[in-house]
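Model, not experiment: these values are computed from the prediction.
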Amino acid sequence: MRYIKLWVLLLPLLLLGGCGEKQHQKQVYAMDTVMNLTVWGDGSALNDLQQLLQKAETQLSVTKPASLVSRLNAGETITPEGEIYALLEDAAALGEATGGSLDICLYPVTRLWGFTTGQYHVPGEGELEEALSRTGNQRLILENGTARLEAGAQMDLGAVAKGWAGAQCIRLLEKNSGVSCAMLSLGGNIQTYGTKADGNPWRIGVQNPKGSGLAGVLELEGTWAVVTSGGYERYFEENGRIYTHIIDPATGYPAENDLASVTIVSKNGLQADGLSTALYVMGLEKAAEFWRETGDFEAVFITKDGKLHVTAGLEERLKEPAGEVSVLEQ
Ligand code: AMP
Ligand code: MG
C-alpha cells in the first residue's frame, strides 16, 4: 500500500508589501497540519492565534480521546461553550443545506477507511453498509445548550474545523489586536484579513490538481476565506486503485466524478471549508446548481480535463489561468 499526502492546495503569494507596518511570521503545527501565520502590526497577536488554534485542536480532534468530539462519540451529553455550540449548529445546518453531501456524522465510515487514523483499509461491503446506517447530520441532537449524538452515531468535523478556526482567528484579530492585516495559511485553508497599505490585493495561488505549478491566482481585497478540497490532497493506493479522502455519504465510497478540485471563496470560513468538501462530492453540474440557488459564495471548479469553471463574481479576480476558463453565470 502506498500512501501519498500533499499538503499545500493554496499558496499565499508575495507576502512582501503588507499593511505598511512590521511583518511578523510564525509557523505552528496544529489540527494535523502545518500552519503559516503572517501578521502586520503587533507581533504578539501571533501567540494568541497559536493558542486559539491549539485550543481548537484540543476541542475538535476526532483522534484525541479527551476532545469534545471524542466525548460526544463516546455517548456523552456535553454542554459546550457558546462558540462551539454555534459551530455544531452551523455545521449541521450547512450539511442539511447540501442535502447531506457534507455529513458531519460520517465518522463511522471515514474511520473504516482509516483517513483520520492512518490505518488505511478498503472496507468490505457488509461493514460499510452497517457504518452507513449510522450516519447523517440529523444524528447530532442540540437541545437547550447541550449536545449529544444518537446511539451509534459518531462525528468527524475534519471537513469544517480548519475553516471555522480561521474565522475564529479573524474574530480575535478584529478585537483590538493591533494587527492591521494578516494572511493565515492553515494547512492550505487561506484566511486573509484587512487591506494592504500599498493598495494591492492579496494574491492566492490555486494549486494545479494534476501535478506541479499553479492552476491560477486569485486576487482578493479585504477579509476572505479561501478553501480548496481535492482528492489529490490525501489518498492511498491499494491493488493499483486510488482511494481519496473525500467520501460520498450517499455511497460510503470516495467521491468520484468530473471534479479534480473545488476552491470556495466566502466571507464565512466554516461555509468555505464545508462547501469545498460538499461541492467536491456533488460534481460540477450539481455544484453549479447549488451555487445558483445559494448565491452567497464564489467558487473555482477544476475539472479532470484541466478546465477551470469560475463563478461570475470571480471572473475578474482569477488571473494567470493555466487552462481554458469558462464562466458560470447566475
Ligand atoms: P476537507 O479536506 O475539508 O475536504 O475535508 C475532508 C475530511 O473531512 C476528510 O479527511 C474526512 O475526515 C472528512 N470527510 C470526508 N468526506 C466527508 C463528507 N462528505 N462530509 C463530511 N466530512 C467528510
Ligand atoms: Mg472542507
Side-chain angles (χ1 to χ4, degrees), residues 4-14 98 101-102 159 163 183 185 187-192 200-222 224-235 241-246 248 254-267 271-330:
I4 302 135
K5 194 174 197 170
L6 294 173
W7 283 115
V8 184
L9 310 179
L10 290 165
L11 292 172
L13 303 176
L14 292 180
T98 66
S101 291
L102 170 75
M183 165 76 95
S185 170
N189 276 39
I190 300 274
Q191 180 70 66
T192 64
N200 288 326
W202 299 108
R203 282 169 53 84
I204 298 159
V206 180
Q207 183 85 33
N208 184 347
K210 269 202 181 157
S212 59
L214 297 180
V217 175
L218 285 168
E219 289 191 351
L220 302 167
E221 276 128 28
W224 291 101
V226 186
V227 182
T228 295
S229 285
Y232 60 98
E233 189 184 357
R234 213 185 264 220
Y235 58 92
R241 276 202 61 180
I242 282 179
Y243 298 93
T244 61
H245 74 130
I246 300 178
D248 182 350
E256 195 53 64
N257 54 47
D258 52 355
L259 289 175
S261 79
V262 176
T263 299
I264 305 287
V265 178
S266 167
K267 285 286 172 193
Q271 184 201 38
D273 200 355
L275 290 187
S276 70
T277 311
L279 272 55
Y280 180 86
V281 169
M282 288 181 193
L284 180 62
E285 197 182 326
K286 265 187 80 183
E289 200 180 299
F290 183 87
W291 170 72
R292 287 190 185 99
E293 283 167 6
T294 314
D296 59 349
F297 65 93
E298 301 293 337
V300 181
F301 303 101
I302 303 180
T303 38
K304 286 181 176 152
D305 57 11
K307 287 188 187 149
L308 290 89
H309 309 257
V310 53
T311 56
L314 285 183
E315 184 183 2
E316 301 295 321
R317 310 204 164 272
L318 179 72
K319 312 287 181 186
E320 304 161 38
E324 189 186 318
V325 179
S326 72
V327 179
L328 299 169
E329 301 292 348
Q330 264 298 345

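- Scored by the side-chain hydrogen bond (donor to acceptor under 3.5 Å, both in side chains) test, Thr311 finds Glu298 as partners (sequence neighbours excluded).
- Judged by distance alone, with hydrogens and angles left aside, the side-chain atoms of Thr303 form no donor-acceptor pair with the main-chain N or O of Asp258 at under 3.5 Å.
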Practice task
Step by step, work out the side chain to side chain contact (heavy atoms under 4.5 Å, CB included) result for Thr98 and Val281.
Solution key: CA-CA 10 Å; Thr98 66; Val281 169; over 6 Å; no
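- For the atom pair OG1 (Thr192) and CD1 (Ile204), the distance works out to 5.5 Å, reported to the nearest 0.5 Å.
- With sequence neighbours excluded, no residue satisfies salt bridge (charged side-chain N to carboxylate O under 4.0 Å, His left out) with Glu324.
- Leu275 contributes atom CG, which lies 7.5 Å from atom CG of Leu102 (distance to the nearest 0.5 angstrom).
- No donor-acceptor pair closer than 3.5 Å links the side chain of Glu221 to the backbone N or O of Trp202.
- The side-chain hydrogen bond (donor to acceptor under 3.5 Å, both in side chains) search around Lys304 returns Glu256, not counting sequence neighbours.
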Problem - side chain to side chain contact (heavy atoms under 4.5 Å, CB included) assessment of Val300 paired with Thr228 - result: CA-CA 9 Å; Val300 181; Thr228 295; over 6 Å; no
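- Scored by the ring pair (Phe, Tyr, Trp, His ring centres under 6.0 Å) test, Phe290 finds no partners at all (sequence neighbours excluded).
- To the nearest 0.5 Å, atom CG of residue Asn208 and atom CG of residue Leu308 are 8.5 Å apart.
- Every pair passing side chain to side chain donor-acceptor pair (under 3.5 Å) that includes a residue from residues 279-297 is listed here, sequence neighbours excluded: Gln271-Asp296.
- The side-chain hydrogen bond (donor to acceptor under 3.5 Å, both in side chains) test applied to Glu315 returns no partner, not counting sequence neighbours.
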